[in-house]
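I have placed the structure first, in the form of structure tokens, so that the comments after it can refer back to it.
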Amino acid sequence: MSDALPNDAIEARAADWLARQQFESWNEADAERLEAWLAESDNHTAAYWRLKAAFGRTDRLAALRRPMMQRAASQASARKPWTLLYAAVAALVVLAVGGGIWGYQALTPDGRTFATPVGGHMTVKLADGSVIELNTDTVLHTDFTPEKRAVQLVRGEAYFQVEHNAARPFTVTVGDHRIVDLGTKFFVRRSAEQLDVALMEGSARLESTSASAQTRPTVLMPGDFAVATATSIGVSRKKVHELADDLAWRSGMLVFHNARLVDAAAQFNRYGDVKLVVSDSASRLTINGAFPTNGADDFAGVAHEIFGLHVDRRGKDIVLSR
Amino acid sequence: MAETPMNDLNATERNAAGEPMPTSEVEAWFVREVLPLEASLMRFLQSACRNAQEAADLRQDVYAGVIAAARKSLPDRAKPFVFATARNLLIDRVRHERVVSIDTVSDLDELGLVADEPGQDRVLIARDELRRLRTAIDALPAKCREAIVLRRIEGLSGREIAQRMGIDESTVSHHINNGVRILAEKLYAEEPKRGNKP
């Protein structure tokens, strides 16, 4: 070989460009010099794109700053910023039990708060043997005493496997509604408009806690899928495999059966930074299939192949249209 | 505008006029389709090379070749294309430098690349990504890690990082330079996984 691995030197130079961009002194003249360097050779381009993409992936870590991490970060002392911050990051992972990987907890005077960032998924094993799985972008508060086990779902979606104990009832409060466990597996999803509760095993009672509520408590049986709004509680029956599909996120998947494109897109948008936008002309098309929760790109590809839709990438938006 | 799926290794002609692809599109394609193949590509190259450094050197030549081709038109399927490029480069090296054994080159046919499902390698699970990021960050030398975390999580500028760490800006730059290279090695070294079916 003539040179001693010149590509190694190219990579070092590419990393240097990237490092220099992190400083205030980076300016347009620098940007032009970088463009010129990239234009010199595809070898330069390859090295630079590769490092830039790796560095860009750490964006996901920034998601951890909100909401509680932000506080932790600002409280971090100026002398040892890393130690404290890192302790906080480490705490997230200590919580990862079984399949659940990412989320964090904070201790408050009246209990514990668990949270996951967008794309996160965490399994919490509680001392009483119950297990809670938090889906993407979820915040949940627990307040356990010898007499009661109270959980509050602040936002998002969670799956509960409750160890029944009549002397120490397990309740999940979601806004104006409360679910009282009678020995069960169920999942709860909170959105702006409504609350969905699906029961897999055992039974549970769903009731409104609002004084003005017109609804009566409803006892849910396996296969029941309840939708509660401020003024009503409706219950429909779902087949076991349909409920299993609703819980596919526990394995990092989304499953669709004759789902409208626009609804499927809304599901993906809960899990990642990429935003799928379905134009009106295409919104009524329906799709079947299983995708990873972060598979918005694959989904767009399938929509393109099956329906011949145009896939238009605009920044973090992927626009699907006829 | 449905496209006919193509099973051969030729690039699909997307721009009949022969205009070059926009660079931003080539970059997006490279990041989305090619980089996730790095783990399998490196396994293949390492089996053909004398040492890891040489494999990394070859890798970059493969990427450069792939990018050069993609500028004309994006290959329909990345994986067969990347490995065909790798094979051609290896054959060139055999001819010129006798670096690799002929056996290794012919092994490529047995990898069954053409039969592969498209996109299989780039399916990533969000939580897997976060775990992977943490592992990669953990693996950085302490100073590199501190600089990168301050930059990416705390959002400090280069100068602020220098002040916090009590070092000068060129040293911060050096840590970021070093850190980002190690990060890339770690992040691409692991095979993206498919999620388990429920």
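Because the structure is a prediction, the values reported are computed rather than measured. So that the names make sense, note that chain A is the first sequence line, chain B the second, and so on, each numbered from 1.
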What are the two closest non-hydrogen atoms of [X] and [Y], and how far apart are they?
X: A:A19; Y: B:N177; result: CB-N, 3.9 Å
X: B:A68; Y: A:D42; result: CB-OD2, 3.1 Å
X: A:W49; Y: B:L35; result: O-CD1, 4.4 Å
X: A:A53; Y: B:Y188; result: CB-OH, 3.3 Å
X: B:A184; Y: A:L51; result: CB-CD2, 3.6 Å

Tell me, out of [options], who's got the most heavy-atom pairs with chain A below 4.5 Å.
options: B:A147, B:A64, B:A28; value: B:A64
options: B:G179, B:G158, B:A162; value: B:G158
options: B:V62, B:V66, B:I176; value: B:I176

Going by heavy atoms in the side chains, are [X] and [Y] under 4.5 Å from each other?
X: A:E35; Y: B:T23; answer: no
X: B:F30; Y: A:T45; answer: no
X: B:E27; Y: A:Y48; answer: no
X: A:N43; Y: B:D61; answer: yes

Practice task
Name the region of A:E11, side chain, backbone, both or neither, that has any atom closer than 4.5 Å to a heavy atom of chain B.
Solution key: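 Its backbone and side chain both get close to chain B.
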
Problem - Which atoms of A:A12 approach chain B - backbone, side chain, both or neither, heavy atom under 4.5 Å - result: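 Both the backbone and the side chain of A:A12 come within 4.5 Å of chain B.
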
Atom [atom1] in [X], atom [atom2] in [Y]: separation rounded to 0.5 Å?
X: B:Q60; Y: A:R50; atom1: CD; atom2: CZ; answer: 7.5 Å
X: B:L187; Y: A:F55; atom1: CG; atom2: CZ; answer: 11.5 Å
X: B:S173; Y: A:Q21; atom1: OG; atom2: CD; answer: 11.0 Å

Practice task
Evaluate whether atom CZ of B:R159 has more than 12 neighbouring non-hydrogen atoms of other residues, nucleotides or ligands under 6.0 angstrom away.
Solution key: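 Atom CZ in B:R159 is not crowded, with 12 or fewer foreign heavy atoms closer than 6.0 Å.
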
What part of [X] lies closer than 4.5 angstrom to a heavy atom of chain A: side chain, backbone, both or neither?
X: B:E169; answer: both
X: B:V180; answer: both
X: B:Q163; answer: neither

Practice task
Please identify each residue that fulfils salt bridge (Lys or Arg N to Asp or Glu O under 4.0 Å) with A:R13, with sequence neighbours left out.
Solution key: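 Per chain and number, A:R13 pairs via salt bridge (Lys or Arg N to Asp or Glu O under 4.0 Å) with A:D16.
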
Handout entry: Under the salt bridge (Lys or Arg N to Asp or Glu O under 4.0 Å) test, residues paired with A:K238 that sit two or more places apart
Key =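 By the salt bridge (Lys or Arg N to Asp or Glu O under 4.0 Å) rule, A:K238 matches A:D246.
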
Practice task
Begin with the C-alpha distance, continue with both residues' side-chain angles, and end with the deciding distance and a verdict on side chain to side chain contact (heavy atoms under 4.5 Å, CB included) for B:R181 and A:D8.
Solution key: CA-CA 11 Å; B:R181 295 162 73 187; A:D8 197 38; 3.7 Å; yes

Exercise for the section: Kindly say whether B:A56 contributes a backbone atom to a donor-acceptor pair with the side chain of A:N7 at under 3.5 angstrom? Expected result: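 No; judged by distance alone, with no hydrogens or angles, the pair does not exist.
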
